[in-house]
Amino acid sequence: MINAEERITTVERRVDNLETKFEMFMQEMRDFKTEMRDRDNQRATEIMEMRQKHDADMKDMNQRFYAKMDAMDTKIDGISKHVQNLTVAAIVGIGAAVAGIGAIAVTVIYSVLTR
């Protein structure tokens, strides 16, 4: 009987020991889950901050790009007006040259015919 009681006591001690270890294990798992959840939340926060910074950088870059494009449009408009003015001046010059050559030709023909 003593042997059976010793065995029962030993089994009870082992069960108590296993229950204690299991509870410790479960607490470690809870702590681990909490830690992982905290890390995930930190990563999510960091990612959100990075995205916001990226979006702000992109907006700034777009604004600078469009400002440069507007400046280029203004320059191109100025150049096209300048080209138009030069074209008009060239046409007037060619017309004056034709008129001058025509006047010389008329004068030469008139002087030849009147002699």
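FYI, the numbering just counts along the sequence from 1. Computed from a prediction, not measured in an experiment: that's the story for all the values here.
- The CD1 atom of I109 sits 12.0 Å away from the CD1 atom of I104 when rounded to the nearest 0.5 Å.
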(request) Give the intermediate values and the outcome of side-chain contact (heavy atoms from CB on, under 4.5 Å) for residues K21 and N17. (result) CA-CA 6 Å; K21 286 182 181 180; N17 194 11; 3.8 Å; yes

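- Rounding to the nearest 0.5 angstrom, the gap separating the OH atom in Y66 from the CG atom in D73 is 12.0 Å.
- T114 and S111 get closest at one heavy-atom pair: OG1-O, 3.3 Å.
- Surrounding CE of M72 are at most 12 heavy atoms belonging to other residues, nucleotides or ligands under 6.0 Å away.
- Taking 4.0 Å as the cut-off between side-chain N and carboxylate O, D57 and K53 count as a salt-bridged pair.
- Once rounded to the nearest 0.5 Å, the distance linking NE2 of H82 with CD1 of I79 reads 9.0 Å.
- Taking CZ of F25 as the start and CZ of R30 as the end, the distance is 11.0 Å to the nearest 0.5 Å.
- When side chains are defined from C-beta on, M58 counts as touching M61, because their heavy atoms get closer than 4.5 Å.
- Judged purely by distance below 3.5 Å, without hydrogens or angles, the side chains of Q42 and R39 never pair a donor atom with an acceptor atom.
- Considering only residues two or more places apart in sequence or on other chains, R7 meets the side chain to side chain donor-acceptor pair (under 3.5 Å) condition with none of them.
- The pair R64-D60 meets the salt-bridge criterion, since a charged nitrogen lies less than 4.0 angstrom from a carboxylate oxygen.
- Of the charged side-chain nitrogens involved, none lies within less than 4.0 Å of a carboxylate oxygen, so that R13 and D16 do not count as a salt-bridged pair.
- Of the inter-residue distances, the one linking M36 atom CE with M29 atom CE reads 10.5 Å to the nearest 0.5 angstrom.
- Here the NZ atom belonging to K75 is positioned 10.5 Å from the NZ atom belonging to K68, to the nearest 0.5 angstrom.
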